[in-house]
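For reference, positions follow the sequence shown, starting with 1. When a ligand or atom number is given, it counts from 1 through the structure's own listing order. Keep in mind that the numbers below use all heavy atoms, side chains included, and drop hydrogens, waters and symmetry copies.
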Amino acid sequence: MSRLRHVVRAEQLVDPVLLDELFNSASTLERDDKARKLELPLRGRILATMFYEPSTRTRFSFEAAMQKLGGGVLTAENALDNSSASKGETIADTVRVVSGYADAIVLRHPQVGAAEAAAQASPVPIINAGDGAGEHPTQALIDVYTIRKELGRLEGLNIALVGDLKNGRTIHSLLPFLRHAPGISLTLISPPQLRLPGKYVRMLQEADTRFAETTRLARVQPADVVYVTRVQRERFASEAEYDAVKDSYRIDLHVADSLKARSIILHALPRTTEISPEVDQDARAAYFRQARNGLYVRMALLKYLMS
Ligand code: NCD
């Protein structure tokens, strides 16, 4: 596989050699960081983070990752209001200009396809940090890294995906990684309104991935990984439609207790009501460890793309 330039879709990252390289690099970076022995391979380089949608951990973890590698950061938070987008500039023009100041650009945008458009216009690497209800490939990379770190493998696992499978971009990016794993079986749990879009269902069918769709949360019980998502309020046409499904599922202590002892619960965060705070104390609750892994996986990715 040739060296990646932009990271726009998860499918681009689905390569065993590349994944091993990135994941080994992430663990080495974690070890060196903990031993306070990090080298600074990105000294003198600049990362721009342009966020046209809210974010805490994605932007902070990219910025922390860049700084830990010795680089600098230019940041546009709330870029829809605070950048030239408010004057009507296209994303292609903005990216062309920003690429004159920065060596890579992390972009989050409400429109599906925005990162692709930016990549076409940009001479420096574009990293898609979420394009509307489209994709969020670096989150999926973190999710796969976390599953491998916690359970040692992806092969043969039973993975339940719970919640807003229609709008959850982390799910859309996770599926390309899961669909080819030998012996994997997926349980897609959502209300009827939030089912996985046909495009992704077909992607699973084409790869002969074993999967079942259901509305019943009780089906999480045999799962090795329970991947919970937030109902994506910002994608609904009306508050009434959101209200009708917002409290569909809740992983509480009772549900957590019904899971296998060696299972894990993941969530890209932020959560609303879909996982009760009491569950955080359970060893199976891996979502804060998952968020922490984000730092090292993003360091590995920046190092790969920028050095
Ligand atoms: C996710 C996102 O932005 O898609 N969050 C994140 O990047 N950690 C999930 C979400 O917002 O529900």
* Check the side chains of Arg298 and Thr138 for a donor-acceptor pair under 3.5 angstrom, ignoring hydrogens and angles. => yes
* Could you check atom 11 (O) of ligand 1 against the protein and tell me its nearest heavy-atom contact, residue, atom and distance included? => Arg230 NH2, 3.0 Å
* Asked: Between Asp282 and Arg284, is there a salt bridge with N-O shorter than 4.0 Å?
  -> yes
* Can you find a non-hydrogen atom of Ala268 under 4.0 Å from ligand 1? -> yes
* Asked: Quick check: does Gln232 get an N/O under 3.5 Å from an N/O on ligand 1?
  -> yes
* Report yes or no: is the cationic atom of Arg216 (NZ for Lys, CZ for Arg) closer than 6.0 Å to the six-membered ring centre of Tyr249, at no more than 45° off its axis? => no
* Can you pull out the closest protein heavy atom to atom 7 (O) of ligand 1? Residue, atom name and distance to 0.1 Å, please. => His136 NE2, 2.7 Å
* Which of the atoms of ligand 1 are close to Arg57, meaning less than 4.0 Å from one of its heavy atoms? -> 8 (N)
* Distance filter under 4.0 Å to Arg108 heavy atoms, resulting ligand 1 atoms -> 3 (O), 7 (O)
* To do: Please say which of Val226, Leu174, Leu188, Ile184 ends up in a side chain to side chain contact (heavy atoms under 4.5 Å, CB included) with Ile159.
  => Ile184
* To do: Check whether the side chains of Glu89 and Thr94 place a donor and an acceptor atom closer than 3.5 Å, and report yes or no.
  => yes
* For ligand 1, which atoms have a heavy atom of Thr58 less than 4.0 angstrom away? -> 6 (C), 7 (O), 8 (N)
* Can a non-hydrogen atom of Glu53 be found less than 4.0 Å from any atom of ligand 1? -> no
* Structure fact -> atom 4 (O) of ligand 1: of His172, Arg59, Arg169, the nearest heavy atom sits on Arg169
* Measure the distances from the heavy atoms of Pro270 to every atom of ligand 1 and state whether one is below 4.0 angstrom. => yes
* Can you pull out the closest protein heavy atom to atom 5 (N) of ligand 1? Residue, atom name and distance to 0.1 Å, please. => Leu269 O, 3.0 Å
* Asked: Going through the distances and angles, do Arg59 and Thr75 end up as a side-chain hydrogen bond (donor to acceptor under 3.5 Å, both in side chains)?
  -> CA-CA 9 Å; Arg59 190 165 64 85; Thr75 180; 2.9 Å; yes
* Arg195 atom CZ, over 12 foreign heavy atoms within 6.0 Å -> no
* Phe60, CZ atom: more than 12 neighbouring heavy atoms under 6.0 Å -> no
